[in-house]
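To start, the structure under review is shown below, and the notes come after it.
In what follows, every chain begins at residue 1, and chains take the letters A, B, ... in the order their sequences are listed.
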Number of protein chains: 2
Amino acid sequence: MEKIPLYEQIKEALLGRLASDHWRPGELLPSEPKLAEEFDVSQGTIRRALDDLVSQGLLVRHQGRGTAVTEHTPFGFFHLFRGDGARELPQSKTLRISSNQASRTERDSLELASGKQVIRILRVRYLNLEPKIFETISVSSDLFPGLVKMSARDLPNTVYRFYEQEFGVPIVGKRERLRAATATKSEARYLHVEVGTPLLEIECVAYSHRTQPIEWRISRCLTDEHYYCNPPESA
Amino acid sequence: MEKIPLYEQIKEALLGRLASDHWRPGELLPSEPKLAEEFDVSQGTIRRALDDLVSQGLLVRHQGRGTAVTEHTPFGFFHLFRGDGARELPQSKTLRISSNQASRTERDSLELASGKQVIRILRVRYLNLEPKIFETISVSSDLFPGLVKMSARDLPNTVYRFYEQEFGVPIVGKRERLRAATATKSEARYLHVEVGTPLLEIECVAYSHRTQPIEWRISRCLTDEHYYCNPPESA
DNA sequence: CAGTGGTCTAGACCACGGA
DNA sequence: CCGTGGTCTAGACCACTGG
């Protein structure tokens with residue numbers, strides 16, 4: 001028999017509601033006394049559950065106002081900084097959106113059954129108006145119906161909010177792997193550098209609640225004027 | 001007037017004892033009721049302070065045993081993984097230990113006054129017996145008296161434990177910046193690759209308690225068979 | 001077994017935000 | 001002003017560790 005603490009059960013219940021869009025990002029949750037009454041536990045137990053979700057980054061507390069679902073800023077997940085430490089929001093130009101049979105790597109990363117389809121997005125991202133990142137994104141076709149028929153022009157700059165608003169798929173965590181690489185011919189063309197220029201390769205799997213993988217992404221970045229920061233800069 | 005919560009004051013007090021080596025790594029702290037009595041607060045307040053320090057990675061709890069000062073494993077801070085996800089401990093060969101006037105970058109990173117001396121350590125690190133990392137380390141001469149007179153042969157494989165045990169300087173946090181680079185002539189020689197081979201450059205400032213910078217390090221890594229992982233793999 | 005941390009309760013008072 | 005979360009208390013019972 002498993003012995004699961006009350007606050008874990010409550011976390012799980014709240015997680016379910018968050019995942020199913022029961023509350024929208026930015027929306028206030030019921031107050032702690034309300035939740036305590038609903039789950040028939042003490043306020044302290046509710047606090048413990050909420051605290052955990054806050055430290056996971058899913059909720060934000062505001063004294064005097066309430067506890068709200070986190071609104072993910074475009075910055076939240078972007079780890080590239082300018083040499084002087086300033087943050088800069090990338091502009092994106094989507095090159096192609098296509099649908100394909102998932103490759104072995106895509107199936108592994110996204111935990112897809114063999115034979116499943118994925119949607120691939122190819123884009124170039126600009127920092128300070130200069131092309132700095134060449135990026136390929138893969139997501140399951142099942143989770144994003146109709147995405148493949150979108151025009152490249154209509155794909156927004158930052159896709160995580162878009163995933164959430166258009167397809168109800170929230171991105172709340174990611175795991176990244178970094179390597180050094182060199183520019184291929186096509187990357188060199190898009191990034192205006194020579195073939196063989198060193199690039200920082202960031203392979204990223206983004207997760208929704210409960211660690212379900214949603215998106216697999218490879219970003220190949222020019223780091224002549226930027227760097228990847230861990231942990232992200234405070235400012 | 002500042003209003004500082006009790007648990008923050010207690011954290012600060014405990015932090016002071018940790019920094020001054022009042023308790024050794026691995027050693028058990030007094031129990032929660034003992035600490036509560038000593039600080040004249042309730043056990044809950046002590047728990048809150050300890051919880052915070054645990055989540056900072058400074059303490060570890062063991063139900064039924066007690067709360068202990070974290071012993072930092074050599075793995076704790078090493079973020080390079082093999083392609084298959086396995087962790088591997090690097091072997092190190094120290095090439096040179098020297099003392100120099102701190103450069104501008106070193107002064108900035110280590111928050112040193114101008115004119116201060118630093119000790120520089122040059123080494124090559126091996127993964128699976130192959131040279132994979134070329135590393136330069138800088139620390140303040142003031143904090144590590146006598147280090148410069150050590151033989152390169154006697155410098156241990158992993159230096160953070162060494163800093164703590166020999167000089168009473170604990171490393172409890174770090175900030176890393178990553179870039180793509182290419183091998184210089186001397187790096188190419190030591191790493192057995194060609195000049196221009198892409199390298200992952202990790203610039204790292206390591207901190208002791210209360211965010212005092214202790215060590216500045218640049219690691220230039222071959223990532224043909226390894227990657228940098230964020231967050232670190234669970235296993 | 002005694003002592004530890006882990007969970008949970010019920011209450012108090014405070015600081016802040018918005019109406 | 002009221003309702004929110006933030007801090008703090010005092011106590012209960014449980015689960016685990018060690019001798």
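- In terms of modelled atom types and a separation under 3.5 Å, the side chain of A:Ser109 and the main chain of A:Glu106 share no donor-acceptor contact.
- The side chain of A:Ser31 approaches D:dG5 more closely than any other nucleotide in the set D:dG5, D:dT9, C:dT7.
- The separation between A:Gln63 atom CD and D:dC2 atom P is 18 Å, rounded to whole Å.
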Go through the steps to decide whether B:Glu215 and B:Tyr160 satisfy the test side-chain hydrogen bond (donor to acceptor under 3.5 Å, both in side chains), and finish with yes or no. CA-CA 10 Å; B:Glu215 181 206 66; B:Tyr160 288 170; 3.2 Å; yes
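- Contact check, A:Arg65 against D:dG3: no side-chain N or O comes under 4.0 Å of OP1 or OP2.
- Rounded to a whole Å, the CD1 atom of A:Ile4 is 14 Å from the P atom of D:dA15.
- Remark: P of C:dG11 and CD of A:Glu32 are 17 Å apart, rounded to the nearest angstrom.
- Heavy-atom minimum distance, A:Ala102 versus A:Val118: CB-CG1, 3.6 Å.
- Of the residues near DNA chain C, A:Thr45 and B:Arg47, the one whose nearest nucleotide (by heavy atom distance) lies more toward the 5' end is B:Arg47.
- Across the protein-nucleic acid pair, A:Lys34 atom NZ and D:dG3 atom P stand 9 Å apart, rounded to whole Å.
- Contacts of A:Leu50 with the nucleic acid, taken as non-hydrogen atoms under 4.0 Å apart, are absent.
- With respect to A:Glu203, the salt bridge (charged side-chain N to carboxylate O under 4.0 Å, His left out) criterion is satisfied by exactly one of A:Lys174, A:Arg217, A:Arg179: A:Arg179.
- Spacing between atom CD1 of B:Ile46 and atom P of D:dT7 amounts to 15 Å, rounded to whole angstrom units.
- Two residues, B:Gln43 and A:Asp40, neighbour DNA chain C, and the one matched to the more 5' nucleotide by heavy-atom proximity is B:Gln43.
- Atom CD of B:Glu37 and atom P of D:dA10 are 13 Å apart (whole Å).
- Which of D:dT9, C:dC8, D:dT7 sits closest to the side chain of B:Pro5 comes down to D:dT7.
- Straight-line distance from the CZ atom of B:Phe39 to the P atom of D:dT9: 13 Å, rounded to whole Å.
- Below 30°, between 30° and 60°, or above 60°: for A:Tyr227 and A:Phe81 the angle between ring planes is below 30°, a parallel geometry.
- Between B:Arg48 atom CZ and D:dC8 atom C1' the separation is 11 Å, expressed in whole Å.
- For the OP1/OP2 pair of D:dG6 and a distance below 4.0 Å, the side-chain nitrogens and oxygens of A:Arg61 include at least one atom meeting the criterion.
- Residue B:Thr67 has a polar side-chain atom (N or O) positioned under 4.0 Å from OP1 or OP2 of C:dG5.
- Contact between the side-chain N/O atoms of A:Tyr7 and the OP1/OP2 oxygens of C:dT7 is found at a separation under 4.0 Å.
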